[in-house]
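On a predicted model such as this, the values are computed, not experimentally measured, just so you know. Below, chain A is the first sequence line, B the second, and so on; all start at residue 1.
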Amino acid sequence: MPHQYTPLEKIRLEKIHRLRELGLEPYPNRAQRTHTTAEAKSALETAEAAGDAAAPQVTVAGRLRAMRPMGKITFAHIEDESGRLQLFFQANTLGKERLKQFNKLFDLGDFIQASGFLFRTRTGEITVHVQDFRMLAKAITPLPPAKDEIVDGKVVRHAVLADPETRYRQRYADLAVNPEVRDIFRTRAHIVRALRQFLDERGFLEVETPVLQPIYGGAAARPFVTYHNQLKQKLYLRISFELYLKRLLVGMFEKVYEIGRDFRNEGISFKHNPEFTQLEFYWAYADYLQVMALVEEMLAFVADQVLGRRTLTWQGHEIDLTPPWRRVELRQGVREATGIDIAQHPDAASLAAAMKAQGIEPKAGAPRGKLIDQLVSDFLEPTFIQPTFLYDYPRDISPLAKAKPDDPQTVERFEGFIGGMELCNAFTELNDPLDQEARFLEMGRTYAADDEERHPIDEDYLRAMRYGMPPTGGFGMGIDRLTMLFTDKRSIREVILFPHLRERGDAEPPASEPQQP
RNA sequence: GGGCGCGUAGCGCAACGGUAGAGCAGUGGCCUUUUAAGCCAUUGGUUGCAGGUUCGAAUCCUGUCGCGCCCA
């Protein structure tokens, strides 16, 4: 269905028509910007500092964000990515007709260009005395008006776009009127840059592995399924990179990492988006304790780079990322929190009975590992506000981790928590192909055929393991959640540019449905 | 998946059973140092959608769609 223009939009369409009648192209191909608004301001400050008599001449460009026509003069503000700048339009300089064109045919939200000399107004604000101006791109739809008022030095925003649904569905409008939202994504980029720098400096090689995989694995999650028409082959969008990155260790790379998108066909919540960004690295000849030390160093480095300090405030909590982080052994942590010693309960039935005895309702039909997972999620995770490593996990929820030499029921694995949120997961990688095969088979028996976390066996991965993989420490971390911590956001949707929402009735249906397997 | 809440003009909101409103934005006018500029006038609504109760529904009820929060 074609767009129905609103009355406000129709007025602007009419203005486009009038601009063209006047020979003023509302969508010219090129701009002539000489200075960003920030550069223009510093140009004047530099000239003033040098005692320069001549005012700097600039051409600036940006979105019109405020207009104050006052008879024979008009004040306006434009905004570009570097900030805002005031423009001064005067009938004496431009002529009455040109001023009227600006007042009548230019609207808030339009991209414009203005040329002139810089000066300071009576109040001292750096301003362009406009000698020429032109439309760069006419906005037909009015942006939600966001007026800022400075009260006691604080910016008070009036009537800003705040509805979360509109903000996520029309992120472009959100970004256009809410500069602090743009800052979130600058921080996010900075975090990723710092992670790359840290790993690159330590000899890690950045690689790219398949997103489309014939067999999914490496995590406990349901995949998205797609289909290659010509190969007549079912493919899965990856749920993790793990099995491919470890194949690279077989291939003699010793330190590899990948930053990319994982896809999990699961519920959407304030901390889950169906596609999310993950960092995984694998480090040959290292174990999970070395990985632990590297990780706390890495996050302290990121904090230094991004925040310039090692503490951050998240949802009212002062969080200190300075190493070393608190370390909690899982068995001991569970025992202290619940009074249950999981080592005394080697099977699900026994553990479930112990939980009931403590007044905890065990998840029906869950295997032992999932019951332990339940205890961790309910009793430990929420208490891990300061950075905490929880280590030594039960074997049966960790099919890719290596058992402890003295305790075959427990694997060398840790998870990192901050702000009560799981942030990362790591282990000494299982590199014994026979044990790995046994684990896969074990998973197949333990999990019901319809369990979403039951995985098909990746025979090619086992083949790779049989060629030999060195002892290795591996690591995975959610970049989205890390960004939430660094930007003090409670919802993952605030740190993803275009989060997934349920389809609205007004969406255009695709020309043809994608082919289904 | 369950519970609670929200959906009113482009935006942020009011009206909570009795004529749908004010502000900002818009439109017309006045205004040569403003900055939520000001002043005068003015346009704009199938109150998410579909039913029901009622003399009368934005308001109460049911369903539905979307979003948010809490829980699983």
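- The nucleotide B/U27 finds its pairing partner in B/A41, both defining distances of the Watson-Crick or G-U wobble pair being shorter than 3.5 Å.
- We find that CG of A/Leu87 is positioned 20 Å from P of B/U32, with the value rounded to whole Å.
- Atom name P, nucleotides B/C4 and B/U46: the rounded distance is 31 Å, in whole Å.
- If you check residues 122-133 of chain A against RNA chain B, the residues with a heavy atom closer than 4.0 Å are A/Arg122, A/Thr123, A/Glu125, listed by number.
- Between the CZ atom of A/Phe89 and the P atom of B/U34 there is a distance of 18 Å, given to the nearest Å.
- Within 4.0 Å of A/Ala66, counting heavy atoms only, lies no atom of the nucleic acid at all.
- Here A/Phe427 and A/Tyr393 keep their ring centres 6.0 angstrom or further from each other.
- Put simply, NE2 on A/His77 is 16 Å from P on B/U33, counting in whole angstrom units.
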Sort me out a list of protein N/O and nucleotides 38-42 of chain B N/O pairs below 3.5 Å, or just none if empty.
none

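- A distance-only check finds a donor-acceptor pair linking the side chain of A/Gln374 to the backbone of A/Glu361 [under 3.5 Å].
- Looking at heavy-atom distances under 4.0 Å, A/Lys10 makes no contact with the nucleic acid at all.
- The side-chain hydrogen bond (donor to acceptor under 3.5 Å, both in side chains) test applied to A/Glu275 returns A/Arg261, A/His500, not counting sequence neighbours.
- The side chain of A/Phe119 sits closest to B/U33 out of B/U33, B/G28, B/G12.
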